[in-house]
Each structure stands twice: as C-alpha cells, then as structure tokens.
Amino acid sequence: MKKMILFVCFVAVTAMAYAGNDKPIQTNELPKNAQQFIKQHFTNVEVSYAKMENELFDKNYEVVFVDGSKVEFKKNGEWKEINCGNTKVPDAIVPKAILDYVAKKHVSQSITKIDRDSRDYEVKLNNGLGLKFDLKGNFIGLD
C-alpha cells in the first residue's frame with residue numbers, strides 16, 4: 001500500500017511539473033499543414049512568436065502575430081482556435097454555413113474568434129455575442 005501511495009504521488013508530481021511546459025519554436029518547426037495554413041490565411045501579418053505547449057498526454061502549438069491575432073493548432077497541425085481580437089477572422093477559414101448564418105441573422109457583425117473541437121464550432125462576434133454551431137454549420141445556441 002505504501003508503494004502504491006508513493007507511486008501515485010510520483011505520477012502526480014511528474015504530471016504537474018510536465019504540464020504547462022511551453023517551448024519557444026520557429027514557425028518552420030510547426031507541422032507542415034500549420035505552416036501552410038499561416039502562409040495561406042495570414043500572409044501579410046508578421047509572426048511575433050510561436051511556441052509548442054507540452055501537456056502530459058498532448059502537444060499543441062500556438063502562433064501569435066504582431067497585430068495580436070492568435071492561432072492554436074493541434075499536434076497534427078490542424079487549427080483548433082483562431083482569435084483575431086478586434087479584427088475579422090478570414091472568411092476562407094469559417095465554414096460557409098456559419099458565414100451565411102451570421103450574414104443573415106447578424107447583418108453588421110463579423111466573426112472575430114472561432115473555436116472548433118470534435119463536437120461543435122463556437123464563434124464570437126465583434127459585438128461580444130457568442131454563437132454555437134454543430135459540425136455541419138447548423139446554429140445550435142448561444143455560447
């Protein structure tokens with residue numbers, strides 16, 4: 001029993017020490033599809049810094065641009081969150097159904113943040129309103 005408690009404590013301490021371990025990287029160290037994404041959608045914006053975030057069982061990447069925009073990537077290089085602060089997320093990134101919904105229901109608003117996971121998309125409009133959509137782009141509620 002004593003060995004089990006020591007083992008659990010060791011694992012917990014190791015996990016706490018390892019979690020949140022961020023490492024600055026160059027953009028050419030990002031996965032190839034993340035590099036391509038930046039070249040395609042953020043061509044005219046200079047990168048301020050990039051970092052790799054090591055979690056206990058996962059790895060993510062974050063790229064911050066000099067204008068304050070930020071893109072987070074999964075370990076495979078797919079984007080998971082784009083936050084453009086007060087500016088508009090490039091339309092080419094947002095699924096067409098979501099763009100159409102926002103254009104129809106929130107006429108003078110633009111999307112400044114988009115987040116996706118395995119269940120849904122969450123977007124934030126420039127007026128602060130948060131909207132949720134399923135993976136097909138159907139509106140499912142406010143966030």
Side-chain angles (χ1 to χ4, degrees), residues 4-143:
M4 180 60 91
I5 292 172
L6 286 173
F7 177 73
V8 169
C9 288
F10 173 76
V11 169
V13 169
T14 302
M16 289 182 348
Y18 196 76
N21 188 10
D22 296 348
K23 175 186 169 193
I25 60 170
Q26 300 297 313
T27 53
N28 64 359
E29 297 176 81
L30 292 166
K32 293 293 183 201
N33 54 335
Q35 293 177 44
Q36 186 62 34
F37 181 88
I38 291 169
K39 287 178 188 172
Q40 182 179 355
H41 300 290
F42 292 90
T43 304
N44 299 322
V45 187
E46 184 181 345
V47 172
S48 176
Y49 67 88
K51 67 180 180 177
M52 179 175 58
E53 300 172 337
N54 278 316
E55 300 297 328
L56 183 59
F57 298 109
D58 203 10
K59 179 185 344 183
N60 295 305
Y61 298 93
E62 179 176 287
V63 177
V64 177
F65 300 92
V66 294
D67 70 353
S69 298
K70 176 175 75 169
V71 180
E72 293 182 30
F73 296 97
K74 298 177 189 176
K75 67 181 172 185
N76 66 2
E78 291 182 4
W79 71 268
K80 69 181 207 175
E81 182 179 315
I82 300 160
N83 187 343
C84 291
N86 295 323
T87 60
K88 184 178 176 182
V89 171
D91 286 348
I93 297 170
V94 182
K96 184 174 177 352
I98 295 174
L99 283 174
D100 291 346
Y101 178 89
V102 171
K104 183 178 178 184
K105 300 287 187 177
H106 303 278
V107 178
S108 62
Q109 302 302 310
S110 60
I111 297 171
T112 58
K113 180 179 178 183
I114 185 165
D115 184 338
R116 73 175 175 187
D117 60 26
S118 61
R119 298 178 316 270
D120 57 28
Y121 287 94
E122 295 177 11
V123 299
K124 183 177 177 184
L125 304 180
N126 59 323
N127 66 357
L129 184 64
L131 307 172
K132 283 183 102 169
F133 298 86
D134 66 18
L135 294 177
K136 293 180 180 179
N138 300 308
F139 178 71
I140 55 176
L142 299 174
D143 186 37

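Using a 4.0 Å cut-off between a side-chain N of Lys or Arg and a carboxylate O of Asp or Glu, Asp100 and Lys104 do not qualify as a salt bridge. Note on Asp117 versus Arg119: salt bridge recorded, some NZ/NE/NH1/NH2 to OD/OE distance being below 4.0 Å.
We find the CD-CZ distance between Glu62 and Phe73 to be 10.5 Å, quoted to the nearest 0.5 Å. Distance check, rounded to the nearest 0.5 Å: NZ of Lys51 to CD of Glu72 gives 8.5 Å. Atom CZ in Phe65 sits 10.5 Å away from atom OG1 in Thr87 (nearest 0.5 Å). The structure places CD1 of Ile111 at 13.0 Å from NZ of Lys124, a figure rounded to the nearest 0.5 Å. Interatomic distance, CD1 of Ile25 versus CE of Met52, reported as 6.5 Å (0.5 Å rounding). Here the CG atom belonging to Leu125 is positioned 11.0 Å from the CG atom belonging to Asp143, to the nearest 0.5 angstrom.
The shortest distance between side-chain heavy atoms of His106 and Leu129 falls below 4.5 Å. In this structure, the side chains of Glu78 and Asn33 come closer than 4.5 Å at one or more pairs of heavy atoms. When side chains are defined from C-beta on, Val102 does not count as touching Val94, because their heavy atoms never get closer than 4.5 Å. Between Trp79 and Arg116, some side-chain heavy-atom pair lies under the 4.5 Å cut-off. The shortest distance between side-chain heavy atoms of Leu131 and Phe133 falls below 4.5 Å. Taking 4.5 Å as the limit, every side-chain heavy atom of Phe42 sits out of range of all side-chain heavy atoms of Val47. At a threshold of 4.5 Å between non-hydrogen side-chain atoms, the residues Val123 and Pro95 do not count as touching. Taking 4.5 Å as the limit, some side-chain heavy atom of Pro31 sits within range of a side-chain heavy atom of Tyr61.
In this structure, Asn86 places its CG atom where only 12 or fewer heavy-atom neighbours from other residues, nucleotides or ligands lie under 6.0 Å away.
Here the closest heavy-atom approach between residue Cys84 and residue Ser69 is recorded as CA-OG, 3.6 Å. Of all heavy-atom pairs between Asp115 and Lys80, the closest is OD1-O, 3.2 Å. Residues Lys136 and Ala97 come closest through the heavy atom pair O-CB, 3.9 Å. Residues Asn54 and Lys59 come closest through the heavy atom pair OD1-CG, 3.8 Å. In terms of heavy-atom proximity, Thr112 sits nearest to Gly85 at CB-O, 3.3 Å. The shortest non-hydrogen separation linking Lys70 to Val64 is CG-CG2, 4.1 Å.
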Next item on the list: Output, in order, the C-alpha distance, side-chain angles, deciding distance and verdict of side-chain contact (heavy atoms from CB on, under 4.5 Å) for Asp91 and Leu99.
Entry: CA-CA 7 Å; Asp91 286 348; Leu99 283 174; 3.6 Å; yes

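In this structure, Asn126 contributes its side chain and Ser110 its backbone to a donor-acceptor pair below 3.5 Å.
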